[in-house]
Amino acid sequence: MAALALVHPMNRREQVADGLATAMLAGPWQQAAVLGRCRYALGRPNAPQWLVKLVDEVLLAYRDQPVDRPRELAGYLQASPHWLKAWDHRRPPRIVSWTPVPTRIAHRRWPVAELNDHADLARRLNLTPGELAWFADVRSLERLGRRPALQHYRWTALPRPSGIRLVAAPRPRLKELQRRLLPDVLAAIPLHAAAHGGVPGRSVRTCLLPHAGAEVIIRVDLAWFFQSIPAGRIWNLLRVAGLPEGVAHSITGLVTTVAPESVLRTYREQLSPAERSRLRRPHLPIGAPSSPALANALSFALDCRLAGLAARFGARYTRYVDDLTFSGRGYLRTHRSRFIGLVESVVQAEGFSLNERKTVVLSDAGRQALLGAVVNHHPTLPRAERDALRAILHNCARHGWRSQARDNPQFPAHLRGRIAWAASLDPTFGARLRSRYEQLDWS
């Protein structure tokens, strides 16, 4: 229903506007029919002059019935001069007959799931309407955080060189709901070719390949990447995709969170004021399966602008989550300071900020290390890690794998994982390691 996901109580004028908007959308989009429904909603046998002019204005402004955006229509009504005149009368309008109607998708820009209203969304997620409202946190209970057992996220502080990073891991049921949204909604939203982190079919290797053998590489890091994406941007993206207002509102609630005040008090000393401010507003949580896909989609404009900027300098550009990488030849090397300044301007214009301490310029005269790999000639593990893997496999062959396990019963799986990571970067080297691994006696 159009009014299911309202969060804040409305004043009288907002209530009347909302009631008129739903009445207007409850039937045919012709002047007489719309006017009749509005008279019924107001309990007026005759239409006052302000209402006639208001309906005419709406029909002129909206050629097609805005069945997917009743809130926008209610806002439009409140901005009309005819609406303002209605409140000058001795008998101001009031809604006596409320007739809310289900919203519908009007136009789909991308092939997202056909979620016309909250009932469709609840069925898709196998939830009751009450459960949907609970998980979407329409009453902002997560922010208050008074009962940790009822919170949707578990908060963990991970140490980093400058302070901590707060990770919000969704509880199992919410995590499953977020995963269901990936194929139904988020996978349909197009991504830029420069985005590689969290994108099916792309990897660290695909992100690094364009920079292999470059004369100069510039590595830039975005600060507070997920926290810098507020709920409003997510809602706008879902509306652009074609989802009705209420559905977009509930999905936004399912994929965003705020840090409870109890958590912010616990880590007050380790968090800067800017970090606390970002964590207090609804944002994408670090740790949710839906966050990378949404962050990539919402970075489309950023990727477009940075790819265009790199092309002007004869450079290449890729992004792996919050790591931005540019590479090129002489012109980029000689103008690197100006280039980094322009990158920062674009990043700030798109609502993000740079972590200036992590901006690094790498020349081909030294080791070019990116995302845990080295790309001087082709993506591969650093030499120390390659030598360590060779030595472990050699010792396993000579002395048995238990000699290298150090009381770790999961050592075979651990080593297999390290080899898989090496193979994902350098398939040739990984194939040699895998062949030696398979020849070992693991009994």
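We're numbering straight along the sequence, starting at 1.
The side-chain contact (heavy atoms from CB on, under 4.5 Å) check on Asn355 picks up Asp221, Ala223, Arg357, Lys358, with sequence neighbours excluded.
For Ser435 (side chain) and Arg432 (main-chain N/O), no donor-acceptor pair under 3.5 Å exists by modelled atom type. The closest donor-acceptor contact from the side chain of Arg329 to the backbone of Ala214 lies at 3.5 Å or more, if one exists at all. In this structure, the side chain of Arg416 does not engage the main chain of Ala420 through any donor-acceptor pair within 3.5 Å. Checking side-chain atoms of Arg398 against main-chain N and O of Asn395 turns up no donor-acceptor pair under 3.5 Å. Using a distance-only test at 3.5 Å, with no hydrogens or angles considered, a donor-acceptor pair links the side chain of Glu245 to the main chain of Arg71. In this structure a side-chain-to-backbone donor-acceptor pair under 3.5 Å is present from Arg205 to Leu425. Within the 3.5 Å criterion, the main-chain N or O of Tyr76 finds no donor-acceptor partner in the side chain of Ser80. Here the side chain of Arg319 pairs no donor or acceptor atom with the backbone of Ala194 at under 3.5 angstrom.
In terms of heavy-atom proximity, Glu261 sits nearest to Arg280 at OE2-NE, 3.1 Å. Scanning all heavy atoms of the two residues, the minimum distance from Ser228 to Arg281 falls at O-NH2, 3.7 Å. Between Gln404 and Ile392, the shortest heavy-atom contact is CG-O, 4.1 Å. Scanning all heavy atoms of the two residues, the minimum distance from Leu115 to Val247 falls at O-CG2, 3.7 Å. Shown here for Ile95 and Gln15, the closest heavy-atom pair between the two residues is CG1-O, 4.0 Å. The minimum heavy-atom distance linking Arg179 with Pro289 is given by the pair CG-CG, 3.7 Å.
Using cut-offs of 30° and 60° on the angle between ring planes, the pair Phe300 and His192 is perpendicular. Aromatic ring orientation, Tyr331 versus Phe313: tilted (interplanar angle from 30° to 60°).
Partner Leu433 forms a side chain to side chain contact (heavy atoms under 4.5 Å, CB included) with one of Leu415, Leu393, Asp426 and no other, that one being Leu393.
Ring centers of Trp134 and His152: under 6.0 Å apart, within the cut-off. When ring centroids are compared, Tyr62 and Trp29 stay outside the 6.0 Å threshold.
The structure places CG of Leu254 at 6.0 Å from CG of Leu132, a figure rounded to the nearest 0.5 Å.
Between Val204 and Ser424 there is no side-chain heavy-atom pair separated by less than 4.5 Å.
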